[in-house]
Amino acid sequence: MLFGKRGRRVAGMLLGTMLLGGVLAGCGGGDKAKSDEIKVGANFEMTGNVANYGNATFEGLQLAIDEANAAGGINGKKITLVKADSKSEASEAANAATKLISDDKVSVLVGPATTGSVLAEVRIATDAKVPIIAPCATSPKVTVENGKVQPYVFRSCFIDPQQGDVMAAFAKDNLKAKTAVVYVDSSSDYSKSLGQVFKEKFEAAGGKVLMEEAFLQKDQDFKATLTKLMTANADVMFVPAYYEEVGKIVKQAREIGFTKPIIGTDGWDDPKVADIAGKDALNNTYFSTHYSDKDESVKPFIDAFQKKYNKAPNVFAALGYDAGKMLIDAIKRAGGVDSEKITKALAETKDLKVGTGILSMDANHNPIKQAVILENKDGDRVMVAKIMPK
Amino acid sequence: MDFGSHLIQQLINGISLGSVYALIALGYTMVYGIIKLINFAHGDIYMVGAYVGFFAITVAHMGIFPALIVSMVVTGLLGMVVERLAYKPLRHAPRISVLITAIGVSFFLEYGSMYFVSPTPRTFPRVFETEGLTIAGFTVNGQQLLIFAITLVLMVLLTYIVQYTKIGKAMRAVSFDTETAQLMGIDANRVISVTFGIGSALAAAGGVLVGVYYNSIDPLMGIMPGLKAFVAAVLGGIGIIPGAMAGGLILGIIEALVSGFISSTFRDAAAFAILILVLLFKPSGLFGKNTQEKV
Amino acid sequence: MNIQRKNDLMYLVLGLVIFGIVYGLMEGGMIGSFWKLNIIIICINIIMSASLNLINGYTGQFSLGHAGFMAVGCYVSVILTTNFHMPLIVGMLAGGAAAALLGCLIGLPTLRLNGDYLAIATLGLGEIIRIVIMNINYVGGAAGFTGIPHLTTFPWVFFTMLVTLFFIKNFVNSTHGRACIAIRENEIAAGAMGINTTKYKVMAFTIGAAFAGIAGALFAHCFYIINPSSFTFMASFNYLIMVVLGGLGSLTGSVAGAFVVTALSAALASWPEFRMIIYALALILLMFYRPQGLFGYVELTAFKPFRFLDRTKGGRE
Amino acid sequence: MKPLLKASHVVEMFGGLKAVSDFNVYLEQGELIGLIGPNGAGKTTAFNLFTGVYQPTSGEIEFDGQSIVGLAPYQITQRGIARTFQNIRLFSELSVLDNVKIAFHDHVKYGLLEAVLRVGRYTEEERQIERDSLELLKIFHLKDKAYETAKNLPYGAQRRLEIARALAAKPKLLLLDEPAAGMNPQETQELMEMIRWIRKEFNLTILLIEHDMSLVMGICERIYVLEYGHIIAHGTPEEIQNNPEVIRAYLGGAS
């Protein structure tokens, strides 16, 4: 009896191990790329802390690819998106990128949404000579490391210094602010680096940053820090962060009686901000972004997105869509799935019409595109400035 | 704002934050009290409660209070189902296995809801006016008061249930010694099930109130509050109902003061550091009795 | 040569054979770079789970802060290799030493706590370590440390793993290990048998932390970047899952647990939407059918077909 | 000659409750002494005081001429006092052999590095420990059960294993807390022989708590009687049997 039980246990364990071994072997091979398709790896934050940004970016990308496929593909070839989950974590992003490149044999990688995750896959892609398009990783070091351009990395958004500069000038010149407080998301590279640039530029222009504070992703309650920031009595508050927290920050700031302008960056660009904060609270706030939804040239994208997903796009979706457009254009010009040729074509992107405007690639693999500053006014967004690329 | 009034404002902020922790901690502590399980899925039950409330308001067009009740009932039942399916079969297994199961349930609820309701945050419709009340120069939000009041009422109610009702006595008996309780004719499984139901309903109440107050819910919203509530429960002495309340408030106040006077980046670190310090001097929490093993 | 030496030699040969096969398959291109990376991660996770097992499984001290020690090893080693251009081995040793030192400092006061209280205290300490790292700009703060040289190779992780397993195996089969196990079984009786319980708890904690630090060093040099978000309490849970799944107090169990969890997650990578849901269900079901873990308290060698691997325990059943 | 163990005026308070008061005991080298008393008289508390589990509120305990007040249990064991427990405390998931091996802990000389690298004194000492452990198990008729899990042993065997384990710590003084509890008369008889034998063989001093009067009266040379934390009587078995105080304490009645 005892022996039988033992035997069963051993058998069960061996079976389990073999089963897993089978899975291992099964997944080891990967499919060979069929000749009539172009495989694109979509490495995004499907789960984890920033899953909502990863998913939104993916939706935009998917829309661009679907449109291209509906129009007959590229030179008769359809584009297939192969999804992988980076779990909002750098090491998992590297893992997923390795899978897409080595198992799925993709020609191009798109994503992930956040800087840290993109940085983790740069070397893997570079070693395999597969280009990456990072739709919304805004840190300069994504494309330029120690003064050297990363040959296989491109992006479809503008970089932090650009935006920080724009908002510092706006605060100083348009809002006539002499003093400011900065409130950043210390779990985000994007937010921290924007906060730093803003401070440098604002102080260089003669302003003064009185207080710098930080919060963490997924925080719910900001009142304690906001109360502290209020004691500084500054003319403006700069919150370079993503919409989920921004909505709550604006709402709570107004609740505790902060009436001064609150300004931010493209992370604010989501209809949810108004839902969370409420349109009254959102008055007297300004942010920079890539386009105004009033702009006629952006309308086709917004309509198409609305039709496909039954919701308005946010900035992540727009940048994902732009990344898709860049990709399609590059594959078209490269005339095939060869990664080297696609890389070259991406670098030569010029005057391409994307969802949010016209875009050209500069020598550092950063797009040259317009920026706009929008004001939230009674639930509407009004364009207050348009900054064309220099 | 001078130092004194800044301090008072931060205390108000802390108490309001702390009552949210306390509300979740109450359920945590009840479940722990009865089967000594750190139910890591509790924070996710709270998240489910928020979503049930959300759909009750937006899809079924209910008012806030009916939605709160519906959410508490539905989530309470969910808690009982989870207990029945995932924990009950492991009643005699090592405690750590049940803990791992709880982590599994937590993952399942998080990623399941990520799949079904998408990771995009949802916003609660306005169900209250969010006017800040200004009392003697300090701003208090109506909802803050509401959350605090509801937490207080629930704590008193729970203490009453546990101390004076039949089911409460059964709970204490099961908590003290499950087997002896069963010999005395108590249906321990039913008592445990009810405890999970009540605990989960409390979490749901917390979820809906927080959803209304902060106005945004998402599938991962339960992780941090769940952890903080656990810290609060341990701080007060896990298994003790007033301890959970006190622990929650203390934790909230610590966080507000650290954010307000030191730096918000060290807020969580400070909260944990204080927990550890308290444990070093009072190894069973503030309200816990030190029981030495009999040799 | 005595039986124990012979046994060790046999394990060593077995290890070398496995190494030879896997390495051959890798070099021969039979294993693609995705599985190559995941095999490296499996080895690192084995170091993590085995070292956590020493604390949780053998000594019975419920620690939930293992990822914190990994983080310390990770950051100390990358500072040395990246900023001071030291070789990997120096980074590994320094990372392990730093984690061990911290483990000892933390262990001394906290290991007086019992059960769940110790669990939450160690969880808190792990989080404190992560938050502190997040606020140090020298190591990149929340954004992470970039530009790390890619030094971790399969031979490195495999042999480090082998050393770890040998270390822990020999440790638990000595009087020091037995002292730790006695503490798990009955702390009061252990004290009455002349065992300095505090010393051995701290010793187990320190050794566990040291190996977590070494694993951290290896982990860091797999990727170009590391950031604090890889070391949250969720990561600690993950290692705990490996240990419990394999079986507390079983070294073979730790190996199996780390293998199953990592391989399952990698194998499910093609279905990103369902990966975590399936993982969660698998976890619940496994606990259902084997609440004591795959191996319980016993090693593989306790089962008849594998008993030839261990001849020291002559009369075992 | 100085007594091996001497407790003078020991008081132990739990909150306001005096568990033991003005407790005076001495044990000469090589004696076999009994400690008896009704339930709750403070016998186990006395053991816990001798072994460092509790610290006396006041008073002095000397062992081998040195004070052991303030020492931790493991330090006292290292000085030479080993004990068994009233509610058996075996390392229940481990094998019978490992239970005994653990208790050799304090007499092992090899260090951590030797153990991990399996060099130096490790192999020889481990072999010695194994031999000695099996030897001890043989004395207690447990050798054929050496590889069984301790918790699966019958009750009487578990009690014997506890004694074997305590002996492995190589004590000078052995404290036995109700060693015959739960044993049948025949087992008790065997145990009595065994206790006598090990005392001679290992040159031990033994203090035992026991309710089984036949055992106590049969083997002890002197007996202390505790009631409500006080020693009410002290003497040879005959003296104790005829002591009116003891009869009152055990049989009740007006004092």
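In what follows, chains are A, B, ... by sequence order, proteins preceding strands, each numbered from 1. As the structure is a computational prediction, the values presented were derived from the model and not from experiment.
- With chain C as the partner, the residue from Ala103(D), Ala146(D), Ala169(D) showing the most heavy-atom pairs under 4.5 Å is Ala103(D).
- When atom types are taken as modelled, the side chain of Thr77(D) and the backbone of Ala192(C) share a donor-acceptor pair closer than 3.5 angstrom.
- For the atom pair CD1 of Ile195(C) and CD of Gln78(D), the computed distance is 10.0 Å after rounding to the nearest 0.5 Å.
- In this structure, OG in Ser174(C) is found 11.5 Å from CG in Leu117(D), a value given to the nearest 0.5 Å.
- Using a 4.5 Å heavy-atom cutoff, the side chains of Asn99(D) and Arg178(C) are not in contact.
- Neither the backbone nor the side chain of Ala72(D) has a heavy atom closer than 4.5 Å to any heavy atom of chain C.
- Only the side chain of Tyr122(D) has a heavy atom closer than 4.5 Å to any heavy atom of chain C.
- Between Val116(D) and Phe167(C), the shortest heavy-atom contact is CG1-CD1, 3.3 Å.
- The parts of Phe91(D) that come within reach of chain C are both its backbone and its side chain, each placing non-hydrogen atoms under 4.5 angstrom from that chain.
- With a 4.5 Å cut-off on non-hydrogen atoms, Arg165(D) touches chain C through its backbone and its side chain both.
- Using a cut-off of 4.0 Å between Lys/Arg side-chain N and Asp/Glu carboxylate O, Asp8(C) and Arg118(D) are scored as salt-bridged.
- Counting non-hydrogen atoms of neighbouring residues, nucleotides and ligands closer than 6.0 angstrom, the NZ atom of Lys170(D) exceeds 12 such neighbours.
- Of all heavy-atom pairs between His176(C) and Ala115(D), the closest is CD2-CB, 4.0 Å.
- Checked for salt-bridge contact, Arg89(D) and Glu187(C) miss the test: no charged N lies under 4.0 Å from a carboxylate O.
- For Glu93(D), the parts lying under 4.5 angstrom from a heavy atom of chain C are both the backbone and the side chain.
- Rounding to the nearest 0.5 Å places CG of Asn170(C) at 11.0 Å from CG of Leu113(D).
- Contacts of Thr51(D) with chain C are absent, with no heavy-atom separation under 4.5 Å from either backbone or side chain.
- Neither the backbone nor the side chain of Leu97(D) comes within contact range of chain C; no heavy atom of the residue lies under 4.5 Å from a heavy atom of that chain.
- A donor-acceptor contact under 3.5 angstrom links the side chains of Tyr200(C) and His105(D), judged on distance only.
- From Glu126(D), atom CD reaches atom OG1 of Thr175(C) across 7.0 Å, with rounding to the nearest 0.5 Å.
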For Ile181(C) and Leu94(D), what are the C-alpha separation, side-chain angles and deciding distance, and is it a side-chain contact (heavy atoms from CB on, under 4.5 Å)? CA-CA 9 Å; Ile181(C) 297 171; Leu94(D) 305 184; 3.6 Å; yes

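- Taking CD of Glu185(C) as the reference point, atom CD1 of Ile102(D) lies at 7.5 Å (rounded to 0.5 Å).
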